[in-house]
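Reviewing the structure listed below.
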Amino acid sequence: MEHIISVTVENKFGVLSRVAGLFSGRGFNIESLSVAPTLDPSMSQMTIVTSGDERIIEQIVKQLNKLIDVIKVVDLNETEFVSRETAIIKVHTKDADRAEALRIVDIFRANVIDSTPGTYTIEVSGDPKKIGAIINLLQPLGIKELVRTGRVAVAREPVRPVSVQTKKVARE
Amino acid sequence: MKLTGAQIFIECLKREGVKTVFALPGGVVLKIFDTLHQQKDIEIILTRHEQGAGHMAEGYAKATGKAGVCLVTSGPGMTNVITALADAYMDSVPLVCFSGQVPTSLIGNDAFQEADNIGLSRPCTKYNFLVKDVNDLAATIKEAFYIATTGRPGPVLVDIPKDVSMAEAEFSYPNSVSIRGYNPTYEGNKWQIKQAAEAIAKARKPILYVGGGVVFSGASQELLELAEMTQIPVDMTLMGLGAFPGEHPLSLGMMGMHGTYEANMAVHYSDLVIAVGSRFDDRVTGKVSEFCPHAKVIHIDIDPTSIRKNIHVDIPIVGDCKAVLRELNQILRATVNGEQKELRKPWWDQIQAWRQAHPLTYQQEKDGPIKPQQVVKRLYELTKDRDPIVSTDVGQHQMWAAQYFKLAKPNRWLTSGGLGTMGFGFPAAMGAQAAFRNRLVLCIAGDGSIQMNMQEMATAVVSKLPVKIIILNNRFHGMVRQWQDLFYNGRYASSDLENTPDFVKLAEAYGAVGLRANTMADLDGVLKKAIETEGPVIVDVPTYRFENCYPMIPAGGCNHEMLLEDPPELKQKQAGGKNVTPEDKDTVLTA
Ligand SMILES: Cc1cc2nc3c(=O)[nH]c(=O)nc-3n(C[C@H](O)[C@H](O)[C@H](O)COP(=O)(O)OP(=O)(O)OC[C@H]3O[C@@H](n4cnc5c(N)ncnc54)[C@H](O)[C@@H]3O)c2cc1C
Ligand SMILES: Cc1ncc(C[n+]2csc(CCOP(=O)(O)OP(=O)(O)O)c2C)c(N)n1
Ligand SMILES: [Mg+2]
């Protein structure tokens with residue numbers, strides 16, 4: 001089953017490769033991963049979309065928690081959450097198709113963010129279904145390039161992290 | 001006053017109580033070596049290979065319970081130490097490895113002897129640091145020791161570029177460490193511990209399954225109290241040996257692939273498995289779906305990822321063995337009474353029956369070839385009063401050492417379990433000897449394994465580390481040959497070493513003492529002589545070449561289905577084949 005896991009990490013060199021290395025080294029699935037700094041610039045927020053049975057997800061969450069640079073792990077599937085993904089789609093548009101492209105953009109409440117005589121560049125956000133649908137409609141016009149951000153998500157209400165890692169004042 | 005990076009490095013090690021560093025120099029770490037050379041508080045043991053330095057640090061750590069420290073240069077120095085880091089990571093050994101790095105301005109330029117030390121070591125360290133600024137050096141070293149030795153211990157790498165060791169900074173050593181993402185749990189959940197106590201009181205067929213975590217945690221006393229109070233038998237993993245006295249009537253010895261019959265039967269038929277600091281490795285569980293099929297499982301472990309990784313656990317307790325067992329004992333003291341003994345009488349009767357049915361066994365003829373088990377048994381009997389530290393390499397000899405050398409106390413057993421690194425034994429023994437100069441340190445080695453780090457004999461002689469190496473010499477990769485006999489129709493693909501070097505002469509070439517026991521009549525005398533000799537010794541014992549190690553649970557088999565001896569066709573072959581040459585093996589098999 002698909003799970004969206006939200007991970008708060010130290011914003012420093014090498015953290016992304018530790019997380020990515022964990023997934024590849026242990027053979028866990030990684031469907032998408034997005035990362036950017038939080039309000040507090042010393043931390044970054046990762047959203048990881050992964051899949052596996054209950055036992056695997058439990059291991060993923062535990063293994064993430066075990067990483068020293070990981071501050072907080074939340075399995076969003078344990079709660080209600082909203083998620084979004086953005087895609088930027090460059091479509092090939094011959095004269096006759098330009099109006100059709102704009103109509104599709106309109107229906108999906110997408111935006112044209114760039115235009116050249118032969119192309120439109122369209123930005124669309126939404127859930128994966130919506131993005132899939134607009135891609136389907138634009139495909140006959142000829143998609144030249146497509147980039148997607150991967151999903152980002154937040155819980156609707158504050159949730160307890162899977163394992164609370166409080167700040168440590170240690171030994172000696 | 002300002003200090004150089006190299007001086008800061010040394011001050012930090014002193015603050016951490018480091019007395020010994022296992023090291024091999026190179027261009028980018030020369031400043032550190034030069035500074036170390038001018039002080040007396042920390043001893044440098046110059047090894048002949050960086051893998052040796054790493055395993056020595058491991059041996060030091062396992063014997064002392066403190067972090068072992070090694071220091072290597074960039075590039076090839078780093079790649080050479082990787083095996084030891086991976087070994088330490090698998091077996092949770094606290095280690096701090098310092099590596100040199102090219103100057104910060106050259107990192108990423110494919111500079112001379114540059115390697116991506118952080119990238120190389122990431123999958124085989126608990127954590128690693130690249131120090132880019134000399135002002136961060138002291139705090140980084142403090143964190144490195146803290147991470148290596150707390151929670152589930154493990155190796156930590158600190159990569160120090162050349163310019164950082166040369167640059168100057170004010171020195172101040174932090175008093176405490178604060179890492180917001182790292183907060184190991186020591187105290188177990190009280191409610192869970194109460195559940196465990198209730199389950200223990202009720203169980204009719206309980207078994208303790210004890211692992212390396214008890215050794216790291218120093219919880220042997222608490223374990224002994226628990227076992228004696230509740231009269232629960234104790235199974236140990238390979239890494240747990242010594243955590244509970246091997247000769248204690250409650251000890252069933254080692255469990256798992258080459259464990260004793262009673263240890264494996266007991267875990268299979270038990271109704272309550274109490275795992276303490278052990279991680280359900282596949283060498284222990286065999287076929288996971290058939291592992292202790294009738295039992296409830298309690299699992300005490302400091303690392304949440306160990307729990308429910310391989311098997312279902314009914315009562316998980318995250319915490320330090322010592323703290324949790326203390327709490328558990330306290331509850332049990334109030335509730336345990338004579339009833340449990342009565343309740344478990346049938347269980348103990350059953351275990352005694354298993355013990356008597358199939359004890360560990362081998363046939364030693366008086367004037368036949370020396371059996372490897374006999375060597376370990378005699379070595380044990382001759383040295384047990386001296387409380388020796390014992391290391392092993394990897395292979396059959398390791399399993400026989402585990403079966404026949406019954407350790408009374410923890411931190412005496414140095415072996416490579418998780419990675420199974422041939423070549424571990426000798427340097428690990430040297431590391432322990434460096435920590436305890438006056439103790440007897442034995443290395444039970446295989447003829448194959450010893451050749452993987454033989455070069456360290458030069459270190460042992462020069463640094464006066466009087467380790468006694470006993471080679472069980474079957475001129476085979478014996479463990480490989482055993483599998484080939486059992487599962488590959490006796491085809492000895494690359495397992496027959498045919499000829500090993502003359503280990504006696506080899507010892508002498510290094511300036512050590514070499515001895516050989518050719519016959520049963522020689523054996524005791526030679527072993528005694530080795531023990532009495534002052535410096536490092538190699539004892540070469542040519543043993544019966546075709547001895548196999550039993551019991552054995554074939555990989556993926558069930559714990560109650562053990563092979564207890566050679567299958568008939570193999571016996572037949574060996575009866576005619578004491579000196580089988582590779583050519584006539586097939587003939588013997590079909591004869
Ligand atoms: C040739 C060969 C044959 C082998 N055959 C066998 C065999 O027959 N039987 C066998 O048992 N093994 C065998 N092994 C070893 C096996 O591969 C594993 O290394 C071993 O079983 C693991 O032991 P362990 O479960 O005690 O875990 P360890 O690797 O010792 O791990 C310790 C566990 O304790 C936890 N821990 C650490 N510190 C603490 C603390 N303070 N408090 C609480 N928990 C803590 C850790 O998180 C970890 O889960 C063999 C190895 C080789 C090379
Ligand atoms: C570095 C390394 N390479 C290969 C192996 C695979 N292996 C396991 S046991 C063994 C044979 C060991 O031979 P020896 O040291 O003579 O011990 P014996 O089994 O004969 O007692 C081998 C090759 C290993 N464990 N480690
Ligand atoms: Mg051998």
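- Atom CG of Asp95(A) is surrounded by 12 or fewer heavy atoms from other residues, nucleotides or ligands within 6.0 Å.
- Chain B is approached within less than 4.5 Å, heavy atom to heavy atom, by Arg26(A), Asp40(A), Ser42(A), Met43(A) from residues 20-52 of chain A, ordered by number.
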Asp69(A) vs Arg180(B), side-chain contact (heavy atoms from CB on, under 4.5 Å): CA-CA, chis, key distance, verdict: CA-CA 8 Å; Asp69(A) 290 326; Arg180(B) 57 185 164 184; over 6 Å; no
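- Atom CD in Glu10(A) sits 14.5 Å away from atom OH in Tyr182(B) (nearest 0.5 Å).
- In the displayed structure, Lys14(B) atom NZ is contacted under 6.0 Å by more than 12 heavy atoms of other residues, nucleotides or ligands.
- Residues in residues 123-144 of chain B take part in these ring-ring contact (aromatic ring centres under 6.0 Å, His included) pairs, two or more places apart or across chains: Tyr127(B)-Phe129(B).
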Pair Asn310(B)-Arg55(A), side chain to side chain donor-acceptor pair (under 3.5 Å): steps then yes or no: CA-CA 9 Å; Asn310(B) 303 332; Arg55(A) 201 176 59 89; 5.4 Å; no
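- Among the residues in residues 105-123 of chain A, none has a non-hydrogen atom closer than 4.5 angstrom to a non-hydrogen atom of chain B.
- For Lys66(B), the NZ atom sits in a loose shell: 12 or fewer heavy atoms of surrounding residues, nucleotides or ligands are nearer than 6.0 Å.
- A cation-pi contact, defined as under 6.0 Å to the ring centre and within 45° of the axis, links Lys132(B) to Phe13(A).
- Identified by a heavy-atom distance below 4.5 Å to chain A, the contributing residues of residues 301-309 of chain B are Asp303(B), Pro304(B), Thr305(B), Ile307(B), Arg308(B), Lys309(B), in residue-number order.
- Of the two parts of Gln63(A), the backbone and the side chain both hold a non-hydrogen atom closer than 4.5 Å to a non-hydrogen atom of chain B.
- Interface check for chain B: of the options Gln59(A), Arg18(A), Glu58(A), the most heavy-atom pairs under 4.5 Å are formed by Arg18(A).
- Other residues, nucleotides and ligands place more than 12 heavy atoms under 6.0 Å from the NZ atom of Lys126(B).
- Ile68(A) CD1 to Ile179(B) CD1: the interatomic distance, rounded to the nearest 0.5 Å, is 6.5 Å.
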